[in-house]
Number of protein chains: 2
Amino acid sequence: MFELDLRSRKPIYEQLVDKMKELIMNEVLKPDEQLPSVRQLAQQLTINPNTIQKAYRELELQGFIYSLKGKGSFVNPMDAGKDAEKIMQVKLELEKLLLEALYLGIPAEELHGLIRELDASKGGGE
Amino acid sequence: MFELDLRSRKPIYEQLVDKMKELIMNEVLKPDEQLPSVRQLAQQLTINPNTIQKAYRELELQGFIYSLKGKGSFVNPMDAGKDAEKIMQVKLELEKLLLEALYLGIPAEELHGLIRELDASKGGGE
DNA sequence: TAAGTGTACTATTATTGTTAATACAGTTAA
DNA sequence: TTAACTGTATTAACAATAATAGTACACTTA
């Protein structure tokens, strides 16, 4: 389910966070679906449970999952856990990256097209 | 010219890279303009010259500046140093971030508007 | 009770960021 | 040529972070 690059300079837990976010946003992982447990996933990926826990904690902070002691960790429904602060942060990051894209010579129309694509495949699954 | 947050968890050299990129892309720093020297900027910011050098090396790697031994470091003209690899990388990052923005409920129209704004202020200065 | 879950803590190692000091090579002007 | 500036490289030391390891505790469920 997850492919990790142990040699990468990007920390393992960050790789995990990114992949999870991707799977959740693409609805591969459905709302309220249970995620593999900390120990189970650690064993499957042959890494330390603490690293998984760190990734889960970060995902919970970012509002993508919720964890219940004794039960497990679950995908947060889309409309939950969306604070204004997180939205502002994403907007700022996006502005920087869009400026860089334009600076690199990527046509504005290509960017508009990208948004249309992503927006179209958003609600409708694939 | 530069404000640093020494307490931030973001490395100093990364903060420098980001600010420099911003100044270059907004044409506050003009093409072929000479940047402050490694030692000079280090003294001004009261940080170590090695940290400046690390930032400059990264900026050169990313194609934003060029350095000449014995002469100094200079802003790379817009049409130089834009390899396809860098463009692909930015596109991938952008796709991730745009997906997250839409997932967070930011309207597609707001994103289109952001692009139009940035694109308009691109060539025309301010 | 037993086995699963998340969570917390301490300790250890490896990697990275930062500083420090020094040195070398190229440029430029006196 | 000399002096003072440039970028660049290297080594050492320290702090912070990433990751592993081991253990423990609290909660849930069958």
Side-chain angles (χ1 to χ4, degrees), chain A residues 1-21 24 29 32-76 80-81, chain B residues 1-21 24 29 32-76 80-81:
Chain A
M1 195 178 206
F2 304 100
E3 305 144 18
L4 295 179
D5 181 5
L6 297 180
R7 294 177 233 162
S8 169
R9 35 273 160 231
K10 177 181 248 184
I12 296 177
Y13 84 95
E14 275 190 31
Q15 294 182 46
L16 267 173
V17 168
D18 283 354
K19 301 247 161 141
M20 288 279 195
K21 280 166 68 172
I24 292 173
L29 296 172
D32 293 310
E33 177 174 341
Q34 182 161 9
L35 300 174
S37 82
V38 169
R39 294 170 180 81
Q40 181 185 336
L41 187 53
Q43 187 176 6
Q44 177 184 332
L45 299 177
T46 10
I47 59 180
N48 195 280
N50 291 335
T51 305
I52 308 287
Q53 196 204 340
K54 188 167 187 178
Y56 278 15
R57 194 190 311 142
E58 177 65 21
L59 283 167
E60 189 164 17
L61 256 175
Q62 292 194 29
F64 286 90
I65 71 174
Y66 61 93
S67 297
L68 302 178
K69 201 185 285 185
K71 304 193 73 174
S73 299
F74 306 85
V75 175
N76 224 359
Chain B
M1 195 175 205
F2 303 99
E3 305 144 19
L4 295 180
D5 180 5
L6 298 179
R7 294 176 234 163
S8 169
R9 35 271 160 235
K10 178 181 247 184
I12 296 178
Y13 84 95
E14 275 189 31
Q15 294 183 45
L16 267 173
V17 167
D18 283 354
K19 302 247 163 147
M20 289 279 196
K21 280 166 68 172
I24 292 173
L29 296 172
D32 292 311
E33 179 174 340
Q34 182 162 10
L35 300 174
S37 80
V38 169
R39 293 169 181 81
Q40 180 185 336
L41 189 52
Q43 188 177 5
Q44 178 185 332
L45 300 177
T46 12
I47 59 179
N48 196 280
N50 291 336
T51 305
I52 307 288
Q53 194 204 340
K54 188 167 189 179
Y56 278 15
R57 195 190 310 141
E58 176 65 22
L59 283 166
E60 189 163 16
L61 256 175
Q62 292 193 30
F64 285 90
I65 71 173
Y66 61 93
S67 298
L68 302 178
K69 202 186 283 185
K71 302 193 74 172
S73 299
F74 307 85
V75 175
N76 225 357

Check: If you pin A/Thr51 and B/Ser73 to their nearest nucleotides in DNA chain D, which one's is more 5'?
Finding: B/Ser73

Next item on the list: Whole angstrom is fine here: how far is it from NZ in A/Lys10 over to P in C/dT16?
Entry: 15 Å

Next item on the list: Measure the shortest side-chain to side-chain distance between B/Leu45 and B/Ile12 over non-hydrogen atoms and say whether it is less than 4.5 angstrom.
Entry: no

Check: Quick one: which of C/dT7, D/dA18, C/dA25 gets closest to the side chain of B/Lys69?
Finding: C/dA25

Note to self: Side-chain N or O of A/Lys54 versus OP1/OP2 of D/dA18: is the shortest distance under 4.0 Å?
What the structure shows: yes

Note to self: Rounded to whole Å, please give me the gap between CD in B/Glu14 and C1' in D/dA16.
What the structure shows: 14 Å

Checklist line | Nucleotide D/dT17, atom C1' - distance to CZ of A/Arg57 in whole Å | finding: 13 Å

Margin query: What I'd like to find out is whether the side chain of A/Ile24 reaches to under 4.5 Å of the side chain of A/Asn76, using heavy atoms alone.
Written below: no

Notebook entry, point to check: Which nucleotide sits closest to the side chain of B/Lys71: C/dT27, D/dA26, D/dA9?
Noted result: C/dT27

Checklist line | Within-4.5 Å side-chain heavy-atom neighbours: A/Gln43 and A/Arg39 | finding: no

Checklist line | Given C/dT18, D/dA18, D/dT10, the nucleotide with the shortest approach to the side chain of B/Ile12 | finding: C/dT18

Checklist line | Proximity to the side chain of A/Tyr13 - top-ranked nucleotide from D/dA9, D/dA19, C/dA23 | finding: D/dA19

Notebook entry, point to check: What is the distance from CG of B/Leu45 to C1' of C/dT19, rounded to the nearest Å?
Noted result: 15 Å

Notebook entry, point to check: Rounded to the nearest Å, what distance is computed from the OH atom of residue B/Tyr66 to the P atom of nucleotide D/dG7?
Noted result: 13 Å

Next item on the list: From the options D/dG7, D/dA18, D/dT10, select the nucleotide whose nearest atom is closest to the side chain of B/Asn50.
Entry: D/dT10

Next item on the list: Report the distance from atom CZ of A/Phe74 to atom P of D/dT28, rounded to the nearest whole Å.
Entry: 12 Å

Note to self: Check the phosphate of D/dT6 against B/Ser67, side-chain N and O only, distance under 4.0 Å to OP1 or OP2. Yes or no?
What the structure shows: no

Margin query: Rounded to whole Å, please give me the gap between CG in A/Leu35 and P in C/dT7.
Written below: 12 Å

Notebook entry, point to check: When we call it a touch if two heavy atoms are under 4.0 Å apart, what does B/Glu60 touch: a base, just sugar-phosphate, or nothing?
Noted result: sugar-phosphate

Margin query: From the set D/dT6, C/dG17, D/dA26, return the single nucleotide nearest to any side-chain atom of B/Ser37.
Written below: D/dT6

Check: For the pair made of CD in B/Gln34 and P in D/dC5, what is the distance, rounded to whole Å?
Finding: 14 Å

Next item on the list: Decide if atom CD of A/Gln34 counts as having more than 12 heavy atoms of other residues, nucleotides or ligands within a radius under 6.0 Å.
Entry: yes

Next item on the list: Measure from the side chain of B/Arg39, starting at C-beta and using heavy atoms only, and say which of C/dA23, C/dT7, C/dT18 lies closest.
Entry: C/dA23

Note to self: Any non-hydrogen side-chain atom of A/Tyr66 less than 4.5 Å from a side-chain atom of A/Asp32?
What the structure shows: yes

Margin query: So, does B/Gln40 get its side chain near the phosphate of D/dC5, meaning an N or O under 4.0 Å from OP1 or OP2?
Written below: no

